[in-house]
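Only one structure is covered here, and it is reproduced in the block below.
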Amino acid sequence: MFGFLKKAHRARKEEARVGAAPLAPFEPLGLRRTGFVTIDRLPYQVHQGAFLFSPPEDAQRIDARGRVDLGASCELHRFYLTDDAFIQVGTTAKAIDDVKAFIYHDTKSVSTQAGFERWLGEESMIGRGSIDYHGKMFTRVWGDEDQEKIPPVTFDEAVFTDSDSVAEYEVNHFCMLYEREATETGRMEYLLISAEQTGNDYCVVFSVGVDITEADLKIV
C-alpha cells in the first residue's frame, strides 16, 4: 500500500511486536469518530469508467475508527464511513505518510476455519503477482516482483465504535495490495484483498481505492 508499510514490516522482524493497546485518539487531518467527511467526487465524474472506485455521495458520518500498530512508530488509522467506505491514513511518529480512500467492492463470506485457511494457501489468489479484477489488471505492490506468489501481509486492527479508549473488537487481517494506473487519468487505483477473522467469524473483503489529499476532503 505504501512504502512505509514495507519499512514497518521489516522492522517488526527485528523487534518485539507491540499490541494494538488502546491509546488516546490521534486525529490526523482532523478526522475523528462521530465527525463527518465529504470526499470530492468531481475527478471520478469527469473520468467515468476509468475507475472501479467511486466515492460515496454527500457527507459521511465516521461511525468507527481502527488503529493498527505496525511497529517502528508506524501506524495505520482507518475511519469507517456510513456508506461502505473508509479513509486510511498511514503515519510514522504521527507524521502523515499516506492517505487513501477505499470503498468495499465485494465481500465473500467464509463459513468455516478450513475454508478460511484455503484463502491463505498456495491456491488462493491472495499474494499472486497480478490479478484481473472486473476487467482491470492489477499488479502486486508488496514483495519481490520476481516471486509469482507470496504469503499475505498480516496485522491486527483494534476497532473503536462507542469509545475512543476501549476497543470494541479486534480484526486479524491477512491481506495483499495491488495497483494499476488508470491511464486516462495518470492516477493510480488500488485493490486491497483482505482475508479477515473477527473472533469466529471469517470473510474475504475486496476494496478498491485511490490516493487522496487533504484538498479532496471536507471535514466537519
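Predicted model, so just to flag it, every value in this text is computed and none were measured.
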More than 12 heavy atoms from other groups under 6.0 Å of CD on E123:
no
Linking I/L/V/M/F/W/Y whenever any side-chain heavy atoms sit under 4.5 Å apart, do Y80 and V205 land together?
yes
Can you measure from OG (S130) to CD (E145) and round to the nearest 0.5 angstrom?
12.0 Å
Determine whether a donor-acceptor pair (N or O, by modelled atom type, separation under 3.5 Å) exists between the side chain of T92 and the backbone of A95.
no
Shortest non-hydrogen separation from K149 to S124 and the atoms involved:
CE-O, 2.8 Å
What heavy-atom pair brings W142 and C175 nearest, and what distance separates the two atoms?
CZ3-O, 3.7 Å
For the residue pair T34 and I62, establish whether any side-chain heavy-atom pair is separated by less than 4.5 Å.
no
Exceeds 12 heavy-atom contacts within 6.0 angstrom, atom CD of E181:
yes
If the threshold is 4.0 Å, N to carboxylate O, is there a salt bridge linking R32 and E27?
no
I want to check something: taking the side chain as every heavy atom from C-beta on, are Y44 and L42 in contact at a cut-off of under 4.5 Å?
no
Show the nearest heavy-atom pair for residues A64 and T161, with the distance to one decimal.
CB-CG2, 3.9 Å
Working to the nearest 0.5 Å, report the span between NE2 of H173 and OG1 of T198.
7.5 Å
Nearest heavy-atom approach of G30 to I219 is O-CG2, 3.6 Å
In terms of hydrophobic clusters joined by side-chain contacts under 4.5 Å, are V171 and I87 together?
no
In one Ile/Leu/Val/Met/Phe/Trp/Tyr side-chain cluster, 4.5 Å: V141, F53:
yes
F174/F116 under side chain to side chain contact (heavy atoms under 4.5 Å, CB included): CA gap, chis, key distance, verdict
CA-CA 10 Å; F174 304 81; F116 185 73; 3.8 Å; yes
CG (D201) and OG (S109) are apart, to the nearest 0.5 Å, by 9.5 Å
Please list, chain by chain and in numerical order, all residues satisfying salt bridge (charged side-chain N to carboxylate O under 4.0 Å, His left out) with D63, sequence neighbours excluded.
R61
Under 3.5 Å: donor-acceptor pair, side chain of R140, backbone of D144
yes
F79 and L31: which non-hydrogen atoms are nearest, and at how many Å?
CE2-O, 3.5 Å
I'd like to know whether CD of Q147 has more than 12 heavy-atom contacts from other residues, nucleotides or ligands below 6.0 angstrom.
yes
For the rings on F206 and Y133, is their centre-to-centre separation under 6.0 Å?
yes
Salt bridge flag under 4.0 Å for residues R33 and D164:
yes
In terms of hydrophobic clustering (I, L, V, M, F, W, Y; side-chain heavy atoms under 4.5 Å; direct or indirect links), are Y169 and Y104 co-clustered?
no
Does the side chain of M125 reach to within under 4.5 Å of the side chain of M176, using non-hydrogen atoms?
no
Within the distance-only criterion (no hydrogens, no angle test), does the side chain of S163 pair as donor or acceptor with the backbone N or O of V166 below 3.5 angstrom?
yes
Whether R65 engages the ring of F160 as a cation-pi pair (distance to the six-membered ring centre under 6.0 angstrom, angle to the ring normal within 45°) should be assessed.
yes
Taking CG in D132 as the centre, count heavy atoms belonging to other residues, nucleotides or ligands within less than 6.0 Å. Is the count above 12?
yes
How long is the straight-line distance from OG of S207 back to CD of Q88, given to the nearest 0.5 Å?
9.5 Å
Any chance CD of E214 has more than 12 other-residue heavy atoms, nucleotides or ligands included, within less than 6.0 Å?
no
Can you check whether E157 reaches V159 side chain to side chain, under 4.5 Å on heavy atoms?
yes
Calculate, to the nearest 0.5 Å, the distance between atoms CG and CZ belonging to L191 and F102 respectively.
9.0 Å
Regarding D40 and K218, does a basic nitrogen lie under 4.0 Å from an acidic carboxylate oxygen?
no
Please examine the side chains of F138 and L52, heavy atoms only from C-beta on, and report whether any two atoms are closer than 4.5 Å.
yes
Side-chain contact test, heavy atoms from C-beta onward, threshold under 4.5 Å: evaluate it for D211 versus D98 and give yes or no.
yes
Side-chain (S194) to main-chain (E196) donor-acceptor, under 3.5 angstrom:
no
Lys/Arg-Asp/Glu bridge criterion (N-O < 4.0 Å) met for E75, R67:
yes
Under the rule for salt bridge (charged side-chain N to carboxylate O under 4.0 Å, His left out), what residues qualify as partners of K108, not counting sequence neighbours?
D106
To the nearest 0.5 Å, tell me how far I131 CD1 sits from Y178 OH.
3.5 Å
Under 3.5 Å, is there a donor-acceptor pair between the T91 and H77 side chains?
yes
Smallest separation among heavy atoms of T185 and F51, with atom names:
OG1-CZ, 3.5 Å
Just so I know, are the side chains of L217 and I39 near enough to count as touching, which here means a heavy-atom distance under 4.5 Å?
yes
Answer yes or no: is there a donor N or O on one side and an acceptor on the other, between the side chain of Q60 and the main chain of E57, under 3.5 Å?
yes
Is it possible for you to say whether L192 and V99 belong to one hydrophobic cluster, with membership spreading through side-chain heavy-atom contacts below 4.5 Å?
yes
Heavy-atom side-chain proximity of L177 to Y190 below 4.5 angstrom
yes
